Peer 1: 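This structure is in structure tokens; I'll ask about it shortly.
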Number of protein chains: 2
Amino acid sequence: MTRDPALEPLTRSAEDYLKAILALSGEAAVSTTQIAQRLELSPASVSGMIRRLSDQGWLEHVPYRGVVLTDAGRRAALRMVRRHRLIETYLVDRLGFTWDDVHEEAERLEHAVSDQLVDRMAEALGHPRFDPHGDPIPRSDGTMDIPDYVAVPDLVTGEPMILHRVRTGDAERLRYIADAGLVPGAEVMLVSREPFDGPVTVRVGGGERVIAHDLAAMLLCVRE
Amino acid sequence: MTRDPALEPLTRSAEDYLKAILALSGEAAVSTTQIAQRLELSPASVSGMIRRLSDQGWLEHVPYRGVVLTDAGRRAALRMVRRHRLIETYLVDRLGFTWDDVHEEAERLEHAVSDQLVDRMAEALGHPRFDPHGDPIPRSDGTMDIPDYVAVPDLVTGEPMILHRVRTGDAERLRYIADAGLVPGAEVMLVSREPFDGPVTVRVGGGERVIAHDLAAMLLCVRE
DNA sequence: ATATAAATTTAGGCCGTCCGAATTTCCAGT
DNA sequence: ACTGGAAATTCGGACGGCCTAAATTTATAT
Ligand SMILES: [Mn+2]
Ligand SMILES: [Mn+2]
Ligand SMILES: [Mn+2]
Ligand SMILES: [Mn+2]
């Protein structure tokens, strides 16, 4: 029987670890190096933190194999994701931040806000379901809406779609694509596509844009 | 020559120490025990932190005598006070917090917000000069408006005044005086006063209130 | 002048978080 | 089955920040 994780409150660092592990969680267990790279820490540091988090029941660790979040760990991580994305949304909607400079701010504030403040922000914003990058905002119960996306390079040419989510956190890329009018909510249409992952031409805001395949693949659309 | 304090960024704890020392600074140097009591830490811990802060040039320490902030230390402390009070104001004005529950929240957020966010909040609020408790908000350059106050027990009876500042952080007291209509901006008038620091009767919001001398002394008024 | 009390500092420990270096484990290719 | 290299862990050390207990300094009272 693992100890009740609620008894050991999470530190700021631990909160970031859990969030990182959730983001890296796919089919397989998450490796030490993956976490180390994402958080820009040494693998040694990560090994140490993994021990503490596992002792406290936030994750399960199979040595040399990787970690998997426990239910408590996933809930805690989703709580941080909710905070992060709600804060980003609030900063953009209410305080004039741009979508390329909210991440850092949210990365710090997410550890400092109370549940009450998070609730108040959510309410003030009308309980938004997506953040400025189109990332879904988990509800308090951990559920969230994840639409069926089609990446721009995979669109049917000539069929109008709505850009819904931008899968990059890189500030320069974000500025570039915002300049091009490629923001969530924009109507986009695939015009043409060069073979071998070549450049992609999209119609957006009454003009045409040729963008790199890599970048286009980060732009996720939904129908209508 | 002391080292440039800007080279050693302040930790969260250090920021709270500087803020506490500024608040305790009067004529004389601030003693270790004063700081310890205010921050609810042991005097030994304070001694340790004083060494670090003094090594880094934020304050000057005369052993067994107390500390005095350097110019850099006072600027850093005022910066934190500005943050704290602006955050309190924002939470009350924009997010429905009450004046008795903003302090804790601000105490954490003050360490997490960027200068940019502080500026945005100030702008959104129209650069307020006072926080919800009537405490003056330092400007970025460290200056602030400090009106000439008269405490309620010292008022001239029958002369109408404006309640401007409430010198308590105690949540229960704050709720009590808010219930009585004694909030900054309210028109108040001293009706009578019992001798020997006895209870004080004030006229506020069309009614009369009898309050303890101690509490009345925390209510600071300005003319007109 | 001296004893006592109060304030302060020092000494020694603990915990969380990080690092580099050394070691162990795992796996793929022979 | 063996082995070299990659991945992960352990080890030793650092620092911040807190604690208690002991030692030291300063203030005060007789
Ligand atoms: Mn973070
Ligand atoms: Mn986002
Ligand atoms: Mn604080
Ligand atoms: Mn205040």
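Residue numbers start from 1 in every chain, and the chains themselves are labelled A, B, ... in the order their sequence lines are given, proteins ahead of strands. All values derive from a computational prediction rather than experimental measurement.
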Peer 1: Looking only at heavy atoms, which two atoms of Met49(A) and Ser13(A) are closest? And how far apart?
Peer 2: CE-CB, 3.6 Å
Peer 1: Tell me the closest heavy-atom pair linking Pro43(A) and Thr32(A), and the distance in Å.
Peer 2: O-CG2, 3.6 Å
Peer 1: Return the CG to CZ distance between Asp115(A) and Arg79(A), rounded to the nearest 0.5 Å.
Peer 2: 4.5 Å
Peer 1: Expressed in angstrom and rounded to an integer, what is the separation of Trp58(A) atom CH2 from dG16(C) atom C1'?
Peer 2: 16 Å
Peer 1: Taking the minimum atom-to-atom distance to the side chain of Met49(B), which one of dT20(D), dT8(C), dC18(D) wins?
Peer 2: dC18(D)
Peer 1: Which whole-number value in Å describes the distance from Asp55(B) CG to dG16(D) P?
Peer 2: 10 Å
Peer 1: If we only count heavy atoms from C-beta on, is the Pro147(B) to Tyr149(B) side-chain gap below 4.5 Å?
Peer 2: yes
Peer 1: Nearest-Å distance, CG (Leu41(A)) to C1' (dG16(C))?
Peer 2: 13 Å
Peer 1: Does Arg52(A) reach a base, just sugar-phosphate, or nothing at all? Heavy atoms under 4.0 Å.
Peer 2: base
Peer 1: So that I can tick it off, tell me whether Glu8(B) and Arg52(B) are bridged by a salt bridge, with the cut-off set at under 4.0 angstrom between side-chain N and carboxylate O.
Peer 2: no
Peer 1: Whole Å only: how far is the CD1 atom of Ile50(A) from the P atom of dA8(D)?
Peer 2: 9 Å
Peer 1: Using whole Å, report how far CD1 of Ile35(A) lies from P of dC19(C).
Peer 2: 14 Å
Peer 1: Can you tell which of dT9(C), dC26(C), dG17(D) lies closest to the side chain of Tyr64(A)?
Peer 2: dC26(C)
Peer 1: Should Ser31(B) be listed as having a side-chain N or O under 4.0 Å from OP1 or OP2 of dA7(C)?
Peer 2: no
Peer 1: Closest nucleotide of DNA chain C for Arg65(A) versus for Arg12(A): which of these residues is on the 5' side?
Peer 2: Arg12(A)
Peer 1: Give one of base, sugar-phosphate or nothing for Ser45(A), where a contact means two heavy atoms less than 4.0 Å apart.
Peer 2: base
Peer 1: For dC18(C), does either OP1 or OP2 sit under 4.0 Å from a side-chain N or O belonging to Tyr17(A)?
Peer 2: yes
Peer 1: Starting at CD of Gln37(B) and ending at C1' of dA7(C), how long is that distance when rounded to a whole Å?
Peer 2: 11 Å
Peer 1: Ignoring backbone atoms, test whether Ser13(B) places a side-chain nitrogen or oxygen under 4.0 Å from the OP1 or OP2 oxygen of dG16(D).
Peer 2: no
Peer 1: Over all strands shown, is Ser47(A) touching base, sugar-phosphate only, or nothing at heavy-atom distances under 4.0 angstrom?
Peer 2: base
Peer 1: Nearest whole angstrom, please: distance from the C1' of dT17(C) to the CD of Glu15(A).
Peer 2: 15 Å
Peer 1: Is the distance from OP1 or OP2 of dA6(C) to the nearest side-chain N or O of Thr33(B) less than 4.0 Å?
Peer 2: no
Peer 1: Between dG17(D) atom P and Glu40(B) atom CD, what is the distance in whole Å?
Peer 2: 18 Å
Peer 1: Base, sugar-phosphate or nothing for Thr11(A)? Non-hydrogen atoms, less than 4.0 Å.
Peer 2: sugar-phosphate
Peer 1: Examine dA8(D): is either OP1 or OP2 under 4.0 Å from a nitrogen or oxygen in the side chain of His61(A)? Give yes or no.
Peer 2: no
Peer 1: When you get a sec, tell me which of dC18(D), dA21(D), dT10(D) is the closest nucleotide to the side chain of Ala44(B)?
Peer 2: dA21(D)
Peer 1: If the threshold is 4.0 Å, N to carboxylate O, is there a salt bridge linking Glu107(A) and Lys19(A)?
Peer 2: yes
